[in-house]
Colleague: 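One structure, pasted below without further comment.
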Amino acid sequence: MAITKLNGTKDILPEEIHRWTYVESMFREVCDTYGFKEIRTPVFESTELFKRGVGETTDIVNKEMYTFEDNGGRSLTLKPEGTAPVVRALIENKIYANGQINKMFYITPCFRSERPQAGRQRQFHQFGVETFGSDSPVADAEVIAVAMTLFDKLGVGELELRINSIGCPECRGKYREILQDFLRPKLDGLCETCKSRFDKNPMRILDCKSPECQKQVVGAPQMLDYICDDCKTDFEELKVALTAMKVPFIVDASIVRGLDYYTKTAFEIITNKIGAQGTVCGGGRYNGLIKQLDGPDQPGVGFGMGIERLLIVMKEFGVQVPQDDTIDAFVAVMGDKAKIKALELIQDMRRAGLKVQMDLAMRKLGKQFELADRLGARNTLVLGDDELEKDAVIVKNMETKEQVEVPVSNILNYLKESR
RNA sequence: GUGGGCGUAGUCAAGUGGUUAAGACACAGGGUUGUGGCUCCUGCAUGCGUGGGUUCAAAUCCCAUCGUCCACCCCA
């Protein structure tokens, strides 16, 4: 039986890697302009981090984590999301102690044991940003702007930003009760999953897709009408900031975060073009998290973005990813003596930063030209006994088909100038 | 975790119980023994995801299993 990769994992092949490096470098560029610094944390952490950081009641912690014991009997978990590890690093390295607002970004694989489908894998990749230490909604707006600027740069500007406020623990608790009071008499009319949501996460019922639930939910109290004055002020300021930054948004009361640590601002950037998993980017404010993980009582805000989903969106939008598939020279060789001389030449050219290839299979000249063509060579150098004698090489421009004889001593300059 | 679709060459596939499993692309070699893209010729699945079963006969029917895709759930 052949050994194959596991369900829900993917190889990223040489033919598509340029798409990945492209979005990653664009993301780095945008982060740089906004002043976010990269941080890299381990792929596995102690299980406790996610239990406390993400929340014991969440689906992620309850049924989707890759958790195992190491040789010492410690419980480890492959990171299911990016934020908790970054917060752990912030606390453990006492980065917060510099008294500054700290802005970081990460690019990392994540692991969740879900059933794979379009836009959802068991190992997937996320990048995201986090801002620690600012209460200001301007920080929220800045984080959102990073994502939107990236979309613009990548040419997928038509994604929809939806924002909401899910309040602070105090007003959310009150709203929860009000919502449950509203739904209690309608409980029988709800679908099975929503019945179980009633206690666990009643806010989820509001955006249930089943028509029966949609009917019951009409006229339900909206979170935004019940958030406290402080939360309301922040939400208004966020809208003002986004407007000033010319970032279009839609207020969507159904945006709810699935991770326990979120407070106040919640947002998603979505598309209907890539199947059922349309959330490309999700994030928000998490004011309780750092303290929850035994750090200082510092606020935070950030987002996570699914790279696979982003790449699918880019494909849908027909985004052309630049790819340099040409090389400076191909060296065609005939005879063993010429081969030695060619190795010397090629090494010189490569040391000088030129992209050069040769036929490792040492086939006949016609085949070598075929290969040169396929490799996108701008020039093909021919080196055989005749040329060895003259201490020169034939250089053929593959586009114009012009051939000139160039002395070996001039070849580097010649190629650099014809670039 | 639940439901459904699909597994024939490197890729896209035809074939729906009857002789040696179409075709296309890709790849390799040759026509052209020192010159690419075009063209022509040749080659490329004792095998139809895997394991059982039914049958005189199975890629084709049945069962199981694995893989994959889509959806639910949930999320990025």
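Predicted model only: the values in this text are computed from it and were never measured. In what follows, chains are A, B, ... by sequence order, proteins preceding strands, each numbered from 1.
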Colleague: Could you give the CD-to-P distance, from A/Q123 to B/A76, as a whole number of Å?
Modeller: 17 Å
Colleague: How would you label the contact of A/E268 with the nucleic acid (heavy atoms, under 4.0 Å): base, sugar-phosphate, or nothing?
Modeller: nothing
Colleague: Between B/G43 and B/G49, how far apart are the two C1' atoms, rounded to whole Å?
Modeller: 27 Å
Colleague: What is the nucleic acid contact for A/N7, judged by heavy atoms within less than 4.0 Å: base, sugar-phosphate only, or nothing?
Modeller: sugar-phosphate
Colleague: Between B/G30 and A/K364, counting only base atoms on the nucleotide and side-chain atoms on the residue, is there a donor-acceptor pair under 3.5 Å?
Modeller: no
Colleague: Please measure how far the P atom in B/A45 lies from the corresponding atom in B/G5, and state the result in whole Å.
Modeller: 33 Å
Colleague: Of A/N287, A/N164, A/D140, which is the lone residue that meets side-chain hydrogen bond (donor to acceptor under 3.5 Å, both in side chains) with A/T265?
Modeller: A/D140
Colleague: What interatomic distance, in whole Å, is found between P of B/C66 and the corresponding atom of B/C41?
Modeller: 47 Å
Colleague: In this structure, how many angstroms lie between the P atom of B/G1 and the CZ atom of A/R115, rounded?
Modeller: 7 Å
Colleague: Taking the C1' atom of each, how far is B/U55 from B/C63, in whole Å?
Modeller: 16 Å
Colleague: Taking the six-membered ring of A/F369, is the NZ or CZ of A/K367 close enough (under 6.0 Å from the centre) and on axis enough (within 45°)?
Modeller: no
Colleague: Does a side chain donor of either A/T326 or A/R378 reach within less than 3.5 Å of an acceptor in the other side chain?
Modeller: yes
Colleague: What integer number of Å spans the P atoms of B/A22 and B/U35?
Modeller: 38 Å
Colleague: How many Å lie between CD on A/Q117 and P on B/C73, as a whole number?
Modeller: 10 Å
Colleague: Which nucleotide in the list B/G36, B/G34, B/A76 gets nearest to the side chain of A/V382?
Modeller: B/G34
Colleague: Checking side-chain hydrogen bond (donor to acceptor under 3.5 Å, both in side chains) against A/T41, which of A/K79, A/R88, A/E92 comes through?
Modeller: A/K79
Colleague: Just by distance, with hydrogens left out, do A/S75 and A/E69 show a side-chain donor and acceptor under 3.5 Å apart?
Modeller: no
Colleague: Scan residues 304-336 of chain A against RNA chain B and write down, sorted by residue number, each residue with any heavy atom closer than 4.0 Å; if none is found, say none.
Modeller: A/G304, A/G306, A/R309, A/M334
Colleague: Determine the Euclidean distance between corresponding C1' atoms of B/C48 and B/G7; express it in Å to zero decimal places.
Modeller: 10 Å
Colleague: Looking at B/C72, which nucleotide sits across from it as a Watson-Crick or G-U wobble partner, both distances under 3.5 angstrom, or is there none?
Modeller: B/G1
Colleague: Considering every strand shown, what is the Watson-Crick or G-U wobble mate of B/G37 when both distances are under 3.5 Å?
Modeller: none
Colleague: Which sits closer to the 5' end of RNA chain B, A/K367 or A/I394, going by the nucleotide each is nearest to?
Modeller: A/K367
Colleague: Look at all strands and tell whether A/V280 reaches a base, only sugar-phosphate, or nothing, counting heavy atoms closer than 4.0 Å.
Modeller: sugar-phosphate
Colleague: Among side-chain atoms of A/K63 and A/S113, is any donor-acceptor pair under 3.5 angstrom?
Modeller: no
Colleague: In the structure shown, which nucleotide is the Watson-Crick or G-U wobble counterpart of B/C27, with both distances under 3.5 Å?
Modeller: B/G43
Colleague: Rounded to whole angstroms, how far apart are CD on A/E370 and C1' on B/U35?
Modeller: 11 Å
Colleague: Any donor-acceptor pair, under 3.5 Å, between the side chain of A/K401 and the base of B/G36, if you only look at N and O atoms?
Modeller: no
Colleague: B/G7 pairs with which nucleotide, Watson-Crick or G-U wobble, both distances below 3.5 Å?
Modeller: B/C66
Colleague: Go ahead and name the base partner of B/A58; Watson-Crick or wobble counts if both distances stay under 3.5 Å, otherwise write none.
Modeller: none
Colleague: Determine which nucleotide pairs with B/A14, using a 3.5 Å limit on both distances of a Watson-Crick or G-U wobble pair.
Modeller: none
Colleague: Only one of A/Y22, A/F151, A/F105, A/Y106 clears ring pair (Phe, Tyr, Trp, His ring centres under 6.0 Å) with A/F27; which?
Modeller: A/F105
Colleague: From CG of A/N397 over to C1' of B/G37, roughly how many Å is that when rounded to an integer?
Modeller: 14 Å
Colleague: Regarding A/E130 and A/Y286, is there a side-chain donor-to-acceptor distance under 3.5 Å anywhere?
Modeller: yes
Colleague: Rounded off to whole Å, could you give me the CG-to-C1' distance for the A/L161 and B/A76 pair?
Modeller: 15 Å
Colleague: Over all strands shown, is A/A372 touching base, sugar-phosphate only, or nothing at heavy-atom distances under 4.0 angstrom?
Modeller: nothing
Colleague: Considering every strand and a 4.0 Å limit on heavy-atom distances, what is the contact class for A/E81: base, sugar-phosphate, or nothing?
Modeller: nothing
Colleague: Over all heavy atoms of both residues, which pair between A/V61 and A/F50 is shortest? Give the atoms and the distance, please.
Modeller: CG2-O, 3.5 Å
Colleague: Is any side-chain N or O of A/R120 under 3.5 Å from a base N or O of B/C70, one able to act as donor and the other as acceptor?
Modeller: no
Colleague: For B/G47, does the O4'-C1'-N9-C4 or O4'-C1'-N1-C2 angle fall within 90° of 0, making it syn, or is it anti?
Modeller: syn
Colleague: How are the rings of A/Y66 and A/F111 set to each other: parallel, tilted or perpendicular (split at 30° and 60°)?
Modeller: perpendicular
Colleague: Could you state the CG-C1' distance from A/L365 to B/U35, rounded to the nearest angstrom?
Modeller: 5 Å
Colleague: Check this for me: does the side-chain of A/E387 come within 3.5 Å of the base of B/G34 through a donor and an acceptor?
Modeller: yes
Colleague: Using the rule given for side chain to side chain contact (heavy atoms under 4.5 Å, CB included), can you reason through A/V331 versus A/M349, listing the C-alpha separation, both sets of side-chain angles and the distance that settles it, and then say yes or no?
Modeller: CA-CA 11 Å; A/V331 179; A/M349 292 189 274; 3.7 Å; yes
Colleague: Taking the nucleotide of RNA chain B with the nearest heavy atom to each, does A/D373 or A/G282 sit closer to the 5' end?
Modeller: A/D373
Colleague: With a 4.0 Å cut-off on heavy atoms, is A/G119 in touch with a base, just the backbone sugar-phosphate, or nothing at all?
Modeller: base
Colleague: How long is the line joining CG of A/L159 and P of B/A76, in whole Å?
Modeller: 16 Å
Colleague: Should the side chain of A/Q277 and the base of B/C74 be counted as holding a donor-acceptor pair, with the cut-off at 3.5 Å?
Modeller: yes
Colleague: By nearest atom, which of the nucleotides B/G36, B/C27, B/C69 is closest to the A/R374 side chain?
Modeller: B/C27
Colleague: Roughly how many Å apart are B/A24 and B/U39, using the P atom of each and rounding to a whole number?
Modeller: 14 Å
Colleague: Considering only atom C1', compute the distance from B/A26 to B/C12 and round it to an integer number of Å.
Modeller: 10 Å
